[in-house]
Structure formats: structure tokens, C-alpha cells
Amino acid sequence: MLAISIRRLMIGTATGALMTALPALAQTNTDGAQAADSAQRAAPEEGLVDTSQPSGEEIIVVGTAGGGTRRQDAAFAVTALSNDAIERAAPNSTADILRAVPGVMAESSGGQNGANIFVRGYPSGGDAQFVTFQYAGAPVFAPPTLSFLENSQLIRLDETVQRIEAVRGGTGSLFSLGQPGLTVNVVPRIGGGDLHGLAKLSYTDYDEIRGDAWISGPLDDETGFMVGGYYARGNGIRDPGFRAEKGGQITANVHHDFGSRGSVEVYARYLNDRGAWLLPIPVISDSDGDIRAYPGFDAGTGTLMGRDTRITTNVVGRTLDLAEGRGAKVINTGINFEYEVADGLRLRERTSFLGGNADTLGLVPVEAPVAASAMAVTLGGAGSAVGALTYASGGGAVEGGADARVMRAGIWEVRKKISSFVSDTAAEWTAGKNKLTAGFFYTNYTSRDSWVLGNQVLLAAEPNARRLNLTLNGGRTATLDGFTSGPAFQVRAHYEGEDYALYAVDELQLTPQLRIDGGIRWQRHVVDAVLRTPVAGGNVDLDGDPLTLYDNAVTVLGDPRTIRYRNDAWSWTAGANYDFTDEIGVFARYSRGNSFPQFDNLREATAENIANDTGLAATAEVDTYEGGVKISTGFANLYATVFHNKFEGLATTTLIDNVPVSSNGGAKATGVELEGALRPTPWFSITAAGTYLDATYRDFFTGNGAIDNTGNRVQRQPRWMWRVTPAIDVDIGNLRPSIFATLQYTGDRFSDPENLQLLPHFYQLDAGISVEVAQRIRLQVTGNNLTDEIGLTEGNPRIIGGQGTGAILARPILGRSFRFSAAFEF
């Protein structure tokens, strides 16, 4: 089979790249085959070009049948962000840049990794179930989300990125993985006719240092290269007192043009980066809904992690280092090939392979701070009292004794060894005003999982918390070196998935103004797994001593069992685009998309669920109706989209008290997305984006079916979001100073489907100033969250119900910070 042969070739390419430490030649944006576009992309930029102004001439690749289209001509909702726009936004993570995309709620408060990304009211409990990242047009990792792994964890933004494209709904359900939600394509730079490069050094006020560099140029008249990347290290904004952020990425590519016939690109990208997994911290919720900092705990920079919790040995003797954090060590190689084999007939191939590790270690809080006397009852039962409360390191007595504020947090360990192979083969036939594209998509992906959750430690309720030992009345010992429990939920699994898809799309230019298109996709989803999970009711007392409470309920893994899942589904779409002029157009589209159950849902599904495509094994169906207006002039750009979607068959699990609890059902959403720019003068511009969303659950049940949330608002997604960015860019001789700022509003949301944990609305102000000298040197300062706003993005997702007032657990956005950078380009 062609796809299998290519897979073997790609695995060999990846191995060779690792052996030689030269991340293979390669890469591109997948529109590179068309001659006009290829020439455009091969041409080098001149100096530090400001590409922040929106333009209807941008070539959009994602969401198209192959060669790309102008944004102004696209019959779907798409956002494009240039390298300059990315730099001005100064995102804290890959997911953070998606705040600029209408219809998307991106929570990057968890750090560089582990983002929660929500799209257009699609119901989801977290992670990024309906978001697929592509690199150079090929999916980075086939499953959009697995527990403790979403796509943005596997890619970083650096100066080798030319732009980002993001398609919402629309045609996404037909191409690539068939993602009905959000497809994000990261388009890399490629080499041009001249030698060109950049070196950049940046530093933050929280002591992170980072270096970026890239260089590109010609190998001959038809071939160019690019190589670049970054390296960074620091403790992070939420400083745990040790090196929590460290790593980098290197990317290389070679692009060759076959004249006007097509092109081939080979790329490789190696990522080895990790950062702290940032989780909820204590804050105070007042009776009027206001949020303020917990005493002694800075809401913007505080963290429970500290030197005393960094390296620990749990009750079963396993030693862990929280400095490993959450990240990825992966290599991603790929080939993009396009060639016109005959007049009007063009063949395309996009192939990629990714392999490596994506691990997660974190300190996961259990409850908000309580008095030690209350914790004694929690751990020992009614009638229990504090006998002694001491520090686990040093042994000194804790001031306040039974009245001291304490809390628990679990030291969670999740190891994943992953791989993903993708082959997307298509043929495009153009005849007159008609263009027909047909293709075959294949992907094979695996994950070897080893989870150990639970392992709770007793902590002082303070930043960089210290471990505590607690003894109770009656001679009972509640802790061992701070640990109150052992492993509570474990998984040992080897999953393998395969997806096959056939798709066909036809576009017809009926008149110079009117273009219609339609397409279908058939996809088969296959999952096989061998796994072990805890035996129900099989907890053991490790030492047989009832007076040592910390090891009385350690989980035991059951015998191996298997999963065998097979299902298929059809997707389709139809759309029309009408251009009144070259600058003004409208579009309308209907699409049906599907989202198949991934490994984690199938792990908890029953045999009956799997056999009948029900419960946690259900395939989600999404019907989307959308229409929009597009205006692109020298003075202004406006892209306005109205959408309505109906969602059936959501199936997900949440860990409540270390036990998976299911949620099932549907939702409906109606919304408006706006984005655009005004340029009243050559030196002043205003860009803005906004979303109105009315999304509610329908026949949606949580708590293993016990709680009906019909009519409740879909969790974590606000009714209103908007951002506005004024900018001043002037030319003064060889100097080009710029001043820019972004004010973003996030409306109130609910952290939970039951709508009992309110997340109040908040504003965030970011700003920056840069000075460009002779189109070669740029000095820039950017500030994030300048008002040091306490904006909550998450409550306590590991409970059902509200948290009340007073001390609660929540995850605020990162506090005020500044980044200083200097770049030299040639």
C-alpha cells in the first residue's frame, strides 16, 4: 500500500535526522505548488517588513482543496495572523495566540502546555477536543486531544513561522482529519533567492532568557533552504524556586520548484521543551462575586509548587521531580509534493511523521485551604483531632497547630510515548470554470500510556508550599513524609488508531461573481488497545497496619483487557461565494461534521457502548449553518460571520475524586463573529475582533447520567468576547517607532456544566513599543496584563457542584509581566 510504504520512508527519515542531528531538509506551506503562490513565497522579505495589516490578498491554505485561495475569496470563516502580528501579541504559549481568533476561547493560564481551547459553543470539559493543529498543511498529531495531551503542546511559535491560518467550522470537516471545529495551520518560512536571516535575544522581568534565530537562502536557482529555532530557560512567571521552564526547537527545510509545474518540500522539526503545569491556586470569592487574592498568595505569580515539593518519594517508593513539568520531546518530519502531470491535472501529496514523548508531572490541588482540625476529620473520620502537625522537612511544629490553614494536592505522573503518521494524497482536475478534487487520507497513530494519579500530600496553604506531617488522636499516623495517600488511579495502556478517508470536492465558477462548491467525505475510524486499569474495590493496605492511614487504600491494577472499535461516518458540505466587487463579497455554507471517540473515552466505555456507538463510545455529529460578509479595501477590512450549530453525541470523562465520571449529550449555539481593521491614515490603524455566543446544553447529562443540564450555558465559553488593538506606526528618517496596545474583554462564564462555579468577567490590557532602525534592527518592549487583573479561566474541575464563598480553588490568568527584545535582520 502506497501510504504504508511512505510511512516506512518517513520513519527512516526521522531516524536519520536524529542520528545526524540535522533535522532533515524541508518544509512549507502547502499552497506552495501553484506557480504564482510559490513565487510569492520564495521571494525574500525586505528588512523587518510590517505585515500586521490585514489584506484580502493573503493566500489561505487550510480549509481548501489544495492550492489555496485568497482570504477575500474564501467561502468560510478564516483568520490569518502574520509573523509581525504574532510578535506584537507576545503570546505566552502557542494556544495563547488563538485569543485573537473570533469564536475561540483559549485558556493559556496553564502555562506553555496543557491549554484548554473551546470553539463556537461546542461542549467540552477541557483540553482541545475540537482543535487540530497542522504544520505546513499536515496534522501535527492525529488525535486532536487525549487526556493530558492536546495539539498545541507539540509545537512552539518562533521566528521560523511565517503566519498562522485558522479555519472555524466550514470546510474543515472535509479535509485533513475532518475536524468540524477549529483547524490551525502553522505556515513556516522557506528560502528565497537571497541570503536572509535574523538573530533575536529577549529577556523578561521574571528572568526568562530566550534566543531566536533563522537563516534562509538559495541552494541553486530553483532550490532554497531555511533553518532556525529558539532556546529558552527560566523559572516562569509563577516561580517555584527552581528551573521550571527549559528547552527549544529547531526547524529546517528545503524547497525546490519544478518551474511552473509544481514543487517539493522536505522539512524536519525537533522540539525538546518543557514547562511547569500551572493549576488552580487558592483565591477568595466574595459574596458579591468579586475575586481577590488569598492572604499571602499573589494571584498573578503565586504557585503551590516549591523546592520542598520538587523531589518527593511517595508511599510506594517512586521518586519524582516536578521540574520535568509538562512538555514534549518529539521529532516531526514531512514531505509536501505537488506536480502538474498534464494540462489541468495536478497531483498532491502531504506526508508527515511525528514520534517522541509527551509527559506530564504536576502538583494537582484537591481542595481549598481549611483548618488542620477539619483536615483531621477528613483524613481520620468523625471524632478525629490533631495530635501533632509538623513540617516534613526539618520536623518543626507548624504555627497555629489545629487552626493552621492546610490543603492537599496530588503529585500526578502521566507518561506518553506517541507516534503519528499522516498521508494525504489528492488529484485536482481543472477544466474551464470547474475544479474537481478527489483524495485519500490515511493516518496511523499510537500512544503508550503510563499514569499514576493520586499520591496526595498535605501542604501548608502558602506559596511554594511546604509538606506537612500529621498525627491524629488514638496513635494514628495520617502522613508519610507528607503523603496522605498512595496511587489512586492508574493506567497502563498501548493504544493504536487508524483512520481512512475518501473525499471529493467540486468547485464551479458559475459567473464571474458567483462560485459554488460542494463535497463529501467518508471516514472509517479504527482503535485497538491493550490496557490495565484499577480493579474495582481492589484497594489494598500496603503494610497491613490500620493505624497508618496513608497507605490503607492503594489501587491495584487489574488484568489486561482489550478494546476493539470500528465505525465510519459521512461528512458533507455545500457553499456559495458571491463577489459584488473585487473588494466586497458574501458567502453561505452548510456542513455536517463528525468527531469520533478517542482512546480515553473508549477506555471507560462499556462493551455495549462500543458495540452500539453509544455512551462514551458515541460519535459526535455537528451541523453548522453559517454566512458572512467580507469587505477588503485599502481603508478597511471587515469579516463578519453569523453561525448556528447543533451538536449531538458529546461523550467525555472527568476525574472526580480520582474516579472517571462520564458526561453525555448535546448542545446548540448561535453566534456572531466579527474581525477587521481601520486604517484612516498611513500611520494609524485599529484592528478588532469580537464574538457573541449563545450556547446551551440539550439533553446533556453529567455525573454518570445523574444530573440533567439541559438549558444551562455551555461551560467555559462566555456570551461576549472582544479585543481591540490601536497602533501607531510612523517613519522618521531611518527610524520607525511603533506603539500598540490591546484591550481584551472576556465575559462571565461557568467553570462547570452545572453552572454552579461562576467565573466573573474581566479585562486584560497588553501594550508595547518598538523601534526599527534602517530595516535591520528592532528594539521592542511588550507588557502583558498591565493592570495585573485577576481573571479566572477555571474553577475546580475535579468536583461536581459549587465551591461557595471564601477560599476556593481557581486558575487565574498570569500576572503582569514585561518582555524586552532586540533583533537584527539581514
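Source: prediction; values computed, not measured. Excluded from the calculations below are hydrogen atoms, water molecules and symmetry mates; all remaining heavy atoms, backbone and side chain alike, are included.
- Side chains of Thr702 and Asn709: a donor on one and an acceptor on the other come within 3.5 Å.
- Contact of the Leu650 side chain with the Phe700 side chain is registered, since non-hydrogen atoms from C-beta on lie closer than 4.5 Å.
- Here the straight-line distance linking atom CG of Leu453 with atom CZ of Arg798 works out to 9.5 Å at 0.5 Å rounding.
- A heavy-atom distance below 4.5 Å is found between the side chains of Ile808 and Val283.
- Between the side chains of Asn704 and Ser662, at least one donor N or O lies within less than 3.5 Å of an accepting N or O.
- Between Leu759 and Thr746 the shortest side-chain heavy-atom distance does not fall below 4.5 Å.
- Not a single salt bridge (charged side-chain N to carboxylate O under 4.0 Å, His left out) links Asp708 to another residue, sequence neighbours left out.
- Taking 4.5 Å as the limit, some side-chain heavy atom of Leu363 sits within range of a side-chain heavy atom of Val457.
- Within 6.0 Å of CZ on Arg307 lie no more than 12 heavy atoms contributed by other residues, nucleotides or ligands.
- Looking at Asp449 and Ser447, their side chains do bring a donor and an acceptor atom within 3.5 Å of each other.
- For Ser663 and Thr652, the side-chain atoms include no donor-acceptor pair closer than 3.5 Å.
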Report task. Kindly indicate, with the supporting measurements, whether the criterion salt bridge (charged side-chain N to carboxylate O under 4.0 Å, His left out) is fulfilled by Arg713 and Asp752. Result -> CA-CA 9 Å; Arg713 286 169 55 185; Asp752 58 330; over 6 Å; no
Query - Verdict with reasoning, Asp559 to Arg532, per salt bridge (charged side-chain N to carboxylate O under 4.0 Å, His left out) - result: CA-CA 6 Å; Asp559 294 332; Arg532 300 173 66 195; 5.8 Å; no
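- Between Asn235 and Glu245, every side-chain heavy-atom pair lies at or beyond the 4.5 Å cut-off.
- Taking 4.5 Å as the limit, every side-chain heavy atom of Ile418 sits out of range of all side-chain heavy atoms of Thr446.
- Here the closest non-hydrogen pair linking Leu361 and Trp277 is O-CB, 4.2 Å.
- Rounding to the nearest 0.5 angstrom, the gap separating the OG1 atom in Thr360 from the CG atom in Asn113 is 7.5 Å.
- Side-chain N/O atoms of Asn609 and Thr606 include a donor and acceptor closer than 3.5 Å.
- Residues Thr443 and Asp499 bring no donor and acceptor atom of their side chains to less than 3.5 Å of each other.
- Atom-to-atom distance recorded for Asp545:CG and Asn552:CG is 7.5 Å, nearest 0.5 angstrom.
- If you look at Phe483 and Tyr550, their ring centroids are not closer than 6.0 Å.
- A side-chain donor from one of Arg811 and Ser109 sits under 3.5 Å from a side-chain acceptor of the other.
- A side-chain donor-acceptor contact under 3.5 Å links Ser108 and Asp96.
- Judged by a 6.0 Å distance limit and a 45° cone about the ring axis, Arg603 is positioned over the six-membered ring of Trp451.
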Requested in this report: Given side chain to side chain contact (heavy atoms under 4.5 Å, CB included), test Phe762 with Ile291 step by step and report yes or no.
Outcome: CA-CA 10 Å; Phe762 65 91; Ile291 301 296; over 6 Å; no
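- Side-chain N/O atoms of Gln112 and Asn92 include no donor and acceptor closer than 3.5 Å.
- Put simply, the side chain of Thr309 gets close to the backbone of Gly306: a donor and an acceptor are under 3.5 Å apart.
- Ring geometry for His525 versus Phe596: interplanar angle under 30°, hence parallel rather than tilted (30 to 60°).
- Looking only at atom types and distance, the side chain of Asp613 has a donor-acceptor partner in the side chain of Thr619 under 3.5 Å away.
- In summary, the side chains of Thr319 and Thr313 do present a donor paired with an acceptor at a separation below 3.5 Å, with no hydrogens or angles considered.
- Listed by first and then second residue, the salt bridge (charged side-chain N to carboxylate O under 4.0 Å, His left out) pairs that reach into residues 317-328 are Arg310-Asp321, Arg318-Glu413, Glu324-Arg415, sequence neighbours excluded.
- Judged by distance alone, the side chains of Thr555 and Gln490 do bring a donor and an acceptor atom under 3.5 Å apart.
- Residues Asn539 and Val554 have side chains not in contact (no heavy-atom distance under 4.5 Å, counting atoms from C-beta outward).
- Taking the centre of each ring, Tyr445 and Phe599 come in below the 6.0 Å mark.
- The aromatic rings of Tyr294 and Phe297 sit perpendicular, their planes meeting at an angle over 60°, well past the 30° parallel limit.
- A donor and an acceptor atom, one from each side chain of Ser384 and Arg476, are located under 3.5 Å apart.
- Ring to ring, Tyr495 and Tyr565 are not that close: their centroids are 6.0 angstrom or more apart.
- Thr132 and Thr183 are not linked by any side-chain donor-acceptor pair at a separation below 3.5 angstrom, with hydrogens and angles left out of the test.
- Between Arg156 and Asp273 the shortest side-chain heavy-atom distance falls below 4.5 Å.
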